[in-house]
Protein chains: 2
Amino acid sequence: MSLRFALLALLTSRPMTGYDVSKQFSQSVAHVWHAPDSQIYPELNRMERDGLLESAVVPWGKKGTKKEYAVTEAGVKAFREWMDSPIEIRRQREPAYLKAAYLEWAEPGAARAELKQFRDHWTEHLAMLEATRATLVDRSHPTLARRLEHYDASEWDRIVRYKIFAYDGLIDQARAAITWAERGLLLVEELEGSPSTEPA
Amino acid sequence: MSLRFALLALLTSRPMTGYDVSKQFSQSVAHVWHAPDSQIYPELNRMERDGLLESAVVPWGKKGTKKEYAVTEAGVKAFREWMDSPIEIRRQREPAYLKAAYLEWAEPGAARAELKQFRDHWTEHLAMLEATRATLVDRSHPTLARRLEHYDASEWDRIVRYKIFAYDGLIDQARAAITWAERGLLLVEELEGSPSTEPA
DNA sequence: TGCCACTAACTATAGAGATAGGTAGTTTGT
DNA sequence: ACAAACTACCTATCTCTATAGTTAGTGGCA
């Protein structure tokens, strides 16, 4: 059910169309919670049906229209309630660690390639996270800027520091993943120097 | 599709009944890939249908029987192929980081409680991981011991070190999560010393 | 003999999520 | 005038996961 609250979180910064939401998602909230637009549109509909959002049809060009969603009071209440409720703990489900545990079954070349792929993915991801973190620190992040408009300047520091805190957590994770993959590469070099032997 | 390969991984150590698998899962592979038995039983059936496993009905007590699954050659082949294929990258989907980014909406008390809950969950999890890691290092881990029987003693070190490597990654993750939660608790103390003010 | 915890093996159902499409209007550049 | 890219909004389908049951035999002990 977190998708619903990720959407509420985003829409508290300003009203948006489904399209806006799906674009914003890939730039900001997605670092924290990813969703494709095939999930976003139906969920927005359901949230409107449940009274958490209200929509206004606004003209777009000559003939076109678009639907802009705004969070209702009930939506704000639901979001606050979720914020105050215990977090759901996610179960471990990460193919990389599963594979790592059985690396004796892999071709040395494949093992190396996979560890590199994993490291490179996280390196890229880390760069994105650090770039976004920087836009939070200097407050140039567009969604953040829109969000701060609703608040008194005395609150800004508090709000921004929570966002940075979230990114710091993600950055730590990414760094840990990269370090781990690099250790893995060294391990494969050490153990698979000669052609691998097969189990009996 | 990783469940299928997690099951294959486990069953390469020795043939097992569905019940064994679901028990073993919670003790070993589950640290790396969690699944409830309502997923395990149907998946084992499908794997048998697909020829990756073969089952033998063995008597149990006076009237009872049980079904023991063993990996077929096709199963070994499928497992090896999966091991050599690129890892699927999981999208970020972690409610804790989502919440952290919007902590200005939470009651200070609730924010503290959640961060503590998160930290305590990971602390517990870390203890379990470290305990399991220790049984790998001294080779007292039962599933590992059964697995090593299929291999020449010269291979043991290699196999064990990959398992330890996987656990090291999980341990790093757990430690990072705990450190992050503790930083969060300090942050909440710093920012929420006085009663929180509401957005305009 | 009766009870209880455990072993064994599921089923049913709903919701979440991934992948892959489709349709129609708008804006921009050539 | 036309194409290409972008905005807007979905739908369909399949698989994956979570939660909560069900049914039946086993082994021990009070």
Side-chain angles (χ1 to χ4, degrees), chain A residues 1-7 11 15-27 29-30 32-50 53 55-69 82 86-95 98, chain B residues 1-7 11 15-27 29-30 32-50 53 55-69 82 86-95 98:
Chain A
M1 277 305 276
S2 291
L3 172 60
R4 168 160 295 200
F5 300 105
L7 293 173
L11 284 163
M16 282 182 211
T17 66
Y19 189 77
D20 287 338
V21 170
S22 101
K23 293 299 121 172
Q24 287 293 318
F25 236 68
S26 45
Q27 288 160 42
V29 206
V32 136
W33 193 272
H34 169 269
D37 66 345
S38 65
Q39 254 177 283
I40 291 172
Y41 283 107
E43 185 61 27
L44 289 172
N45 276 328
R46 264 175 262 132
M47 288 164 76
E48 188 180 8
R49 186 201 60 200
D50 295 346
L53 300 179
S55 67
V57 175
V58 284
W60 168 55
K62 272 163 255 155
K63 282 184 276 181
T65 57
K66 54 184 183 172
K67 210 162 138 193
E68 208 169 48
Y69 290 100
W82 177 73
I87 24 175
E88 26 160 346
I89 302 294
R90 298 244 118 188
R91 255 63 96 85
Q92 194 58 250
R93 207 166 267 137
E94 173 59 74
L98 174 58
Chain B
M1 278 305 274
S2 291
L3 172 60
R4 168 160 296 201
F5 300 105
L7 292 173
L11 284 162
M16 282 183 212
T17 66
Y19 189 78
D20 287 337
V21 169
S22 102
K23 294 299 122 172
Q24 286 294 316
F25 236 69
S26 43
Q27 287 161 40
V29 206
V32 136
W33 193 273
H34 169 268
D37 65 346
S38 64
Q39 255 177 282
I40 291 172
Y41 284 108
E43 185 60 27
L44 289 173
N45 274 327
R46 263 174 263 131
M47 288 164 76
E48 188 180 8
R49 187 201 61 202
D50 296 346
L53 300 180
S55 65
V57 175
V58 283
W60 168 56
K62 274 163 257 159
K63 281 184 279 180
T65 58
K66 54 185 184 172
K67 211 163 138 192
E68 209 169 49
Y69 290 99
W82 177 73
I87 22 173
E88 26 161 345
I89 301 294
R90 296 245 118 188
R91 253 63 96 84
Q92 193 59 250
R93 206 167 268 135
E94 172 59 75
L98 174 57

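Chain identifiers are assigned alphabetically (A, B, ...) following the order of the sequence lines, protein sequences preceding nucleic acid strands; residue numbering begins at 1 within each chain.
- Atom OH of B/Y19 is separated from atom P of C/dA5 by 13 Å (rounded to the nearest Å).
- One atom, CD of B/E68, and another, C1' of C/dA9, lie 15 Å apart when rounded to the nearest Å.
- Side-chain contact between A/K66 and A/V57 is absent, with no heavy-atom pair separated by less than 4.5 Å.
- A salt bridge does not link A/D37 to A/K23: none of the charged side-chain nitrogens sits closer than 4.0 Å to a carboxylate oxygen.
- Defined by atom type and a distance below 3.5 Å, a donor-acceptor pair is present between the side-chain atoms of A/E88 and A/S2.
- Within the 4.5 Å cutoff, the side chain of B/Y41 has no heavy atoms near those of the B/V21 side chain.
- Two residues, B/D20 and B/P42, neighbour DNA chain C, and the one matched to the more 5' nucleotide by heavy-atom proximity is B/D20.
- Residue B/K67 is classed as a sugar-phosphate contact, given heavy-atom separations below 4.0 Å to backbone atoms only.
- B/E68 and B/T17 form no side-chain donor-acceptor contact under 3.5 Å, judged by distance and modelled atom types alone.
- Rounded to a whole Å, the CG atom of B/N45 is 9 Å from the C1' atom of C/dA9.
- Salt bridge status for A/D50 with A/R4: present, with a side-chain N to carboxylate O gap under 4.0 Å.
- Here chain B contacts DNA chain D (any atom closer than 4.0 Å to a heavy atom, that is under 4.0 Å), and the contacts span D/dC16 to D/dT26 from 5' to 3'.
- Atom pair B/L44:CG and C/dC10:C1' shows a separation of 12 Å (rounding to whole Å applied).
- Here B/R49 does not pair with B/E43 in a salt bridge; the nearest charged N to carboxylate O distance is not below 4.0 Å.
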Walk me through whether B/L98 and A/W82 qualify under side-chain contact (heavy atoms from CB on, under 4.5 Å). CA-CA 11 Å; B/L98 174 57; A/W82 177 73; 3.7 Å; yes
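- In this structure, CG of A/D37 is placed 13 Å from P of C/dT19, rounded to the nearest angstrom.
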Letter per nucleotide, 5' to 3', of nucleotides 12-17 of chain C [B base touched, S only sugar-phosphate touched, - untouched; heavy atoms, 4.0 Å]: B---SB
